[in-house]
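Scroll down for the structure; my scribbles are underneath it.
Everything numeric here is computed off the predicted structure, so don't read it as measured data.
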Amino acid sequence: MTQILHPDLPHFVAFGEALTDLIRIGHDRWRSACGGSPWNVSVAMSSLGQLSAFGGAISQDPFGAEIWQCSQEAHLDMRFIQQLPRPPLLAVVHDLNPPRHLLIGQDSADLHFHPEGLPMGWGRAVRCAHFGSLGLVREPLAGRLLALAEGLKAEGRLISYAPHFRAPMDASYDDTLERMCRLADVIKVSEEDLRGLFRVPDHRSGLAQIAAWNPGAWLLLTRVEAGVPVGATVYHGVQECSGRSPGVEVADTVGASDVATAGLLDSLMRNAGAPVETHLRWALAAGAAACTAPGFAPPKPALVAALAEAVEIVRD
């Protein structure tokens, strides 16, 4: 008998880590916030109107409970989050200027995520799967996610990859970087990511290497100045389109890069055949909209649509 898919299975899943940021806000004061780049992307996709899920594991303590609650409030598919009796993954941001953090996560819950525990039939329902950040660095999770990405690609699913450079991504990450760049349909990097990932002073050499590995991918390159997103370029085959972010009053830049990634993916999932300029406008507008409220604040489509008109396309 043919298995019947649940109509509410998500079309988008982001795999990797959800963590808690512990941020020093004074000499003896700290603030906690839910985060993790893949989790941020999944929440932003839900806010933009996609049936979205975060595929990962979290702890059962108060840190994990907060991530669970925030995921529910974001209308993520909770069947994809595994709560385990393991320690939490914490990013302790002990200095804000410049930002510096300490990662605490020895044998933490995220490392024990098992894709075989996901809902039956999810792989046939999903249209796009996103990977990146610490999930592809820390074993044994990294090996599981890499195998999952390769399996989904073989089944014809759209694969998105945003490395989101962090200190653990040293030479030992080079093989994973190349494998993910070669199989991904959509790649999002910043100029800073490229300098760190390829250990070069000029981001353009890293950009050229990714283009050589995968000349047919959608590639979003973002530019940031003083922590604020200022523009981006989308490359697709021989097509190239650059733009400047719409002017907004910046309240916070937390998660803006992840929201820009979600903006591009949302646009591609809705109308992949639209002009490159359309996808760039939506990505830049989404990233800018995320900066208009304090903390991580993924925007609604109406705000993104309004800002998309204000994106300045750079003509040659």
Side-chain angles (χ1 to χ4, degrees), residues 13-26 28-47 52-96 99-118 130-146 148 162-169 173 176 252 254-255 257-259 261-262 294-298:
V13 185
F15 293 96
E17 79 280 359
L19 53 75
T20 300
D21 287 314
L22 292 178
I23 307 162
R24 186 192 292 274
I25 58 174
D28 56 357
R29 298 178 60 205
W30 296 80
R31 177 176 63 86
S32 67
C34 300
S37 179
W39 184 82
N40 287 348
V41 174
S42 68
V43 172
M45 289 294 279
S46 179
S47 183
S52 178
F54 166 71
I58 59 175
S59 58
Q60 293 177 344
D61 54 32
F63 294 111
E66 184 178 7
I67 295 172
W68 183 272
Q69 180 179 343
C70 290
S71 299
Q72 286 184 313
E73 292 172 354
H75 307 293
L76 298 183
D77 191 318
M78 302 304 293
R79 294 171 292 185
F80 286 71
I81 301 179
Q82 300 169 3
Q83 266 195 308
L84 305 174
R86 299 280 182 171
L89 179 60
L90 306 176
V92 182
V93 185
H94 53 85
D95 198 343
L96 292 175
R100 291 187 296 174
H101 74 275
L102 171 68
L103 191 69
I104 301 176
Q106 184 175 6
D107 198 37
S108 51
D110 58 297
L111 300 178
H112 296 271
F113 172 70
H114 287 278
E116 57 267 29
L118 297 179
H130 176 76
F131 299 84
S133 196
L134 295 170
L136 284 169
V137 180
R138 289 156 39 86
E139 296 291 357
L141 178 62
R144 295 192 194 112
L145 294 187
L146 186 56
L148 181 62
H164 202 63
F165 176 72
R166 290 293 181 264
M169 296 177 181
Y173 186 70
T176 297
D252 206 329
V254 173
S257 174
D258 299 320
V259 178
T261 302
F296 176 56

**Asked** CD of Gln82 to CZ of Phe54: how many Å apart, nearest 0.5 Å?
**Response** 10.0 Å
**Asked** Is the number of heavy atoms from other residues, nucleotides or ligands within 6.0 Å of CD (Gln106) greater than 12?
**Response** no
**Request:** Taking Asp252 for its side chain and Pro294 for its backbone only, find out whether a donor-acceptor pair lies under 3.5 Å.
**Result:** no
**Asked** About how many Å separate CD1 of Ile58 and CH2 of Trp39, when rounded to the nearest 0.5 Å?
**Response** 10.0 Å
**Fill in**
Closest heavy-atom pair, Val13 versus Gly55, reported as atoms and distance to 0.1 Å, is CG1-N, 3.8 Å
**Asked** Roughly how far, to the nearest 0.5 Å, is CE of Met45 from CG of Asp258?
**Response** 12.5 Å
**Test item: Ser46 side-chain N/O and Ala74 main-chain N/O as donor-acceptor pair under 3.5 Å** = yes
**Message:** With a 3.5 Å distance limit and no angle check, can you tell me whether Arg86 reaches the backbone of Ala57 through a side-chain donor-acceptor pair?
**Reply:** no
**Asked** Roughly how far apart are Thr176 OG1 and Met169 CE, rounded to 0.5 Å?
**Response** 9.5 Å
**Message:** If we ignore hydrogens and angles and just use 3.5 Å, is the side chain of Gln60 paired with the main-chain N or O of Gln83 as donor and acceptor?
**Reply:** yes
**Prompt:** Between Asp21 and Ile23, is there a donor-acceptor pair closer than 3.5 Å when you use the side chain of the first and the backbone of the second?
**Reply:** no
**Request:** Rounded to the nearest 0.5 Å, what's the gap from CG on Leu134 to CD on Glu17? Could you check?
**Result:** 4.5 Å
**Asked** Is a side-chain donor or acceptor of Arg144 paired with a backbone partner of Pro115 at a separation under 3.5 angstrom?
**Response** no
**Asked** How far apart are the closest heavy atoms of Val43 and Pro298, and which atoms are they?
**Response** CG1-CG, 3.7 Å
**Message:** Tell me if the NE2 atom of His114 is crowded by more than 12 foreign heavy atoms within 6.0 Å.
**Reply:** yes
**Request:** Mind checking salt bridge (Lys or Arg N to Asp or Glu O under 4.0 Å) for Arg166 and listing every partner two or more places apart, or none if nothing turns up?
**Result:** none
**Prompt:** Sub-3.5 Å donor-acceptor pair from the side chain of Ser71 to the main-chain atoms of Ile67, do we have one?
**Reply:** yes
**Message:** Using modelled atom types and a 3.5 Å cut-off, is there a donor and acceptor pairing between side-chain atoms of Ser42 and backbone atoms of Ser52?
**Reply:** no
**Asked** What orientation do Phe15 and Phe131 show, parallel under 30°, tilted 30 to 60°, or perpendicular over 60°?
**Response** parallel
**Message:** On a heavy-atom basis, which atom in Pro38 and which in His130 lie closest, and how many Å separate them?
**Reply:** CA-CD2, 4.5 Å
**Prompt:** Under the 3.5 angstrom rule, does the side chain of Thr261 hit a backbone N or O of Ser257 as a donor-acceptor pair?
**Reply:** yes
**Message:** Just verifying a value: how many Å separate Arg138 CZ and Asp110 CG, rounded to the nearest 0.5 Å?
**Reply:** 4.5 Å
